[in-house]
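Numbers restart at 1 for each chain; the letters A, B, ... are given by sequence-line order, proteins then strands. Just so you know, these numbers use all the heavy atoms, side chains as well, and skip hydrogens, waters and symmetry mates.
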There are 2 protein chains.
Amino acid sequence: MTYTYEYPRPALTVDCVVFGFDGSGLQVLLIRRGVEPFAGSWALPGGFVQMEENLETAARRELEEETGLKGVFLEQLCTFGDPGRDPRGRVVSVAFFALVQPDQHPARGDTDASDAKWFEAGKLPPLAFDHASILGAALERLRGKIRYQPVGFELLPKRFTLAQLQTLYEAILDRPLDKRNFRKKLLSFDFLVPLDDYSGGAHRPARLHRFDRRKYEALARKGFLFEL
Amino acid sequence: MTYTYEYPRPALTVDCVVFGFDGSGLQVLLIRRGVEPFAGSWALPGGFVQMEENLETAARRELEEETGLKGVFLEQLCTFGDPGRDPRGRVVSVAFFALVQPDQHPARGDTDASDAKWFEAGKLPPLAFDHASILGAALERLRGKIRYQPVGFELLPKRFTLAQLQTLYEAILDRPLDKRNFRKKLLSFDFLVPLDDYSGGAHRPARLHRFDRRKYEALARKGFLFEL
DNA sequence: TGACTTCGTGTAAAAAAGACACAAACATAG
DNA sequence: CTATGTTTGTGTCTTTTTTACACGAAGTCA
């Protein structure tokens with residue numbers, strides 16, 4: 001079966017930059033390519049868009065097929081379409097970025113045969129195609145976004161300590177934050193709910209909190225700005 | 001001549017949301033469609049991406065072909081690809097937004113036969129396709145961007161008064177700003193150069209300024225944040 | 001039981017933001 | 001040429017926000 005058009009058309013793909021957080025550093029999920037071009041290289045999960053699905057659906061489908069992840073936070077990033085970015089011909093790719101809690105969504109590569117693996121965002125292997133620039137754009141977007149939108153919570157477990165939250169922010173913004181000021185500010189917003197439960201571990205237990213999206217959205221509707 | 005592929009491919013277009021500023025309000029450049037679908041409707045300038053040009057080049061080419069504008073500030077916005085957004089079939093469109101000084105770049109529709117016209121951003125006619133949502137996304141992006149990047153200057157003449165700049169910010173942010181505080185803040189950054197020339201007009205002349213992009217970029221490299 | 005590590009808390013100083021009023025410059029009408 | 005009307009340009013004080021900073025309490029582990 002073939003498809004014929006009056007004018008030439010680029011192929012259309014989606015690619016996903018999946019970020020995770022392991023408690024100390026930012027991580028990125030990559031898959032190892034099995035086929036040419038770039039067979040054996042690491043690459044962003046992604047693939048061709050089908051004719052009846054919209055772009056986000058395509059991204060979710062590819063993400064699940066290639067990594068087993070589903071139900072994650074996903075947002076369109078940017079579209080990469082330079083001629084020559086794919087040696088097979090003109091391929092335009094709509095990039096997405098996803099935020100995931102690695103523990104709640106173990107990458108399939110960790111459990112079965114498929115080759116998906118988490119890498120530290122700072123120590124990535126060489127990537128196929130122009131995926132390094134896609135990743136750079138995603139990192140920049142994440143850094144920009146984290147400051148004025150509560151996206152960090154997508155990377156943490158439902159219940160977390162303020163120290164974890166701070167570590168996450170420090171990892172993404174790549175600078176140290178003052179503990180007391182950080183807590184003061186975050187708690188001054190009304191959307192962190194302290195729970196009656198404490199983290200275990202080797203030292204003094206820390207109070208667990210959760211993010212109350214309803215409260216956040218109520219505030220946001222009133223023109224409230226997050227801003228860290 | 002036809003083109004045949006093993007799998008079906010969406011058509012790929014670019015669309016441009018062109019913003020201008022007339023001294024008091026934000027404006028948008030639209031063209032009137034001559035052909036079906038939506039013949040006679042107003043639409044964003046745009047068209048099909050050619051195989052050997054990258055996305056931004058395609059946007060610039062279409063912009064010049066349809067409106068005569070060239071050399072403008074142009075940035076990728078977002079990609080719209082829902083099935084059904086175009087009655088002709090699956091068409092995925094990469095949207096761009098452009099910032100223009102309407103006086104320096106009179107729309108061709110104003111001067112010759114082609115039908116391009118500036119509309120006030122608040123009073124737009126019904127638009128073809130899903131162009132209304134594209135426009136909404138562009139407006140939102142512009143409002144977000146203006147606060148922390150000096151994009152406003154793309155909308156003003158090279159030499160402008162601080163009152164013009166303030167009016168522009170007020171139009172985009174849609175709230176009044178205090179004159180003294182606005183001037184204090186903008187001048188505290190080092191990238192507005194006062195000129196030795198004054199605006200004419202019916203009242204006390206106002207000092208002209210220009211935006212010094214070099215100084216801005218030097219500051220930006222030092223981790224300086226704009227933030228209005 | 002002592003050593004070690006992490007948690008949780010307040011205050012004071014500095015910086016930034018916000019409110020606010022009036023004289024000077026020019027054009028125009030009378 | 002004078003009076004009127006409109007826009008420009010400027011400084012201070014108050015309030016709010018940001019930043020810097022240290023130590024006792026709670027737990028684990030040897």
Side-chain angles (χ1 to χ4, degrees), chain A residues 21-25 146-148 156-157 159-171 173-210 219 222-228, chain B residues 21-25 146-148 150 156-157 159-171 173-211 219 222-228:
Chain A
F21 179 67
D22 69 349
S24 72
I146 196 96
R147 292 191 52 241
Y148 62 94
L156 290 175
R159 296 154 19 114
F160 51 85
T161 70
L162 292 184
Q164 287 176 297
L165 187 61
Q166 182 177 344
T167 307
L168 169 63
Y169 271 81
E170 289 177 331
L173 298 178
D174 196 30
R175 63 178 158 119
L177 300 171
D178 178 87
K179 179 163 62 155
R180 281 184 285 196
N181 295 337
F182 181 81
R183 300 165 83 91
K184 200 193 314 178
K185 178 132 199 180
L186 268 287
L187 292 175
S188 79
F189 308 138
D190 232 17
F191 50 67
L192 283 192
V193 184
L195 304 173
D196 291 325
D197 208 353
Y198 291 81
S199 70
H203 299 291
R204 175 172 173 181
R207 181 155 213 154
L208 293 170
H209 295 253
R210 70 180 179 81
L219 287 171
K222 289 185 206 158
F224 153 84
L225 271 190
F226 180 45
E227 289 270 336
L228 199 94
Chain B
F21 180 67
D22 68 349
S24 72
I146 195 96
R147 292 190 52 241
Y148 62 94
L156 290 175
R159 297 153 19 112
F160 51 85
T161 69
L162 292 184
Q164 287 176 297
L165 187 61
Q166 182 177 346
T167 307
L168 169 63
Y169 270 82
E170 289 178 330
L173 297 178
D174 196 29
R175 64 179 156 115
L177 300 170
D178 179 87
K179 180 165 57 156
R180 281 185 284 195
N181 295 336
F182 181 81
R183 298 166 83 93
K184 198 193 317 175
K185 176 132 198 179
L186 269 285
L187 292 175
S188 79
F189 309 138
D190 234 17
F191 50 67
L192 282 193
V193 183
L195 303 173
D196 291 326
D197 207 353
Y198 290 82
S199 70
H203 300 291
R204 175 173 174 179
R207 180 156 213 152
L208 293 170
H209 295 252
R210 71 180 177 80
F211 170 58
L219 287 170
K222 290 185 205 158
F224 153 85
L225 271 189
F226 179 46
E227 289 270 337
L228 200 95

- Between A/D197 and A/R207, is there a side-chain N and carboxylate O pair less than 4.0 Å apart? no
- Message: Distance check needed: D/dA25 P versus A/K179 NZ, whole Å only.
- Response: 15 Å
- Query: Side chain of B/R207: nearest nucleotide among D/dG9, C/dC26, C/dG10?
  - Reply: D/dG9
- How is A/K185 classified with respect to the nucleic acid when contacts are heavy atoms under 4.0 Å: base, sugar-phosphate, or nothing? sugar-phosphate
- In whole angstrom, give the distance that lies between atom NE2 of A/H209 and atom P of C/dG8. 6 Å
- Task: Considering just the side-chain nitrogens and oxygens of A/R183, establish if one lies under 4.0 Å of OP1 or OP2 belonging to C/dG8.
- Result: yes
- Task: Could you tell me the separation between the NE2 atom of B/H203 and the C1' atom of C/dA25, rounded to a whole number of Å?
- Result: 11 Å
- Indicate, yes or no, whether a donor-acceptor pair under 3.5 Å links the base of D/dT19 to the side chain of A/K184. yes
- Message: By nearest atom, which of the nucleotides D/dT8, D/dA20, C/dG8 is closest to the A/A206 side chain?
- Response: C/dG8
- Message: Between P on D/dT7 and CG on B/L165, what's the gap in Å once rounded to a whole number?
- Response: 18 Å
- Rounded interatomic separation in angstrom, taking CZ from B/F182 and C1' from C/dA19: 17 Å
- Message: In the structure I gave you, are the side-chain heavy atoms of B/H209 and B/L195 within less than 4.5 Å of one another anywhere?
- Response: no
- Could you state the atom-to-atom distance from CG of A/D178 to P of C/dA12 in whole Å? 17 Å
- Item | 5' priority, DNA chain C, between A/Y198 and A/A202 [closest heavy atom] | A/A202
- Considering heavy-atom distances to DNA chain C, does B/R180 or A/R180 have its closest nucleotide positioned more toward the 5' end? A/R180
- Message: Between C1' on D/dC21 and CG on A/L177, what's the gap in Å once rounded to a whole number?
- Response: 16 Å
- Query: A/L177 pairs by side-chain contact (heavy atoms from CB on, under 4.5 Å) with which of A/K185, A/R183, A/Q166?
  - Reply: A/Q166
- Side chain of B/N181 (C-beta onward), nearest among C/dC7, D/dT10, D/dG11: D/dG11
- Message: Looking at the base of C/dC26, is there any donor atom on it, or on the side chain of B/R204, that sits under 3.5 Å from an acceptor on the other one?
- Response: no
- Query: Is the backbone N or O of A/P205 less than 3.5 Å from a side-chain atom of A/S199, with the two atoms forming a donor-acceptor pair by type?
  - Reply: no
- Task: Evaluate the side-chain proximity of B/Y169 to B/L165: yes if any heavy-atom separation is below 4.5 Å, no if none is.
- Result: yes
- Item | Whole-Å distance separating the CG atom of B/L186 from the P atom of C/dG18 | 14 Å
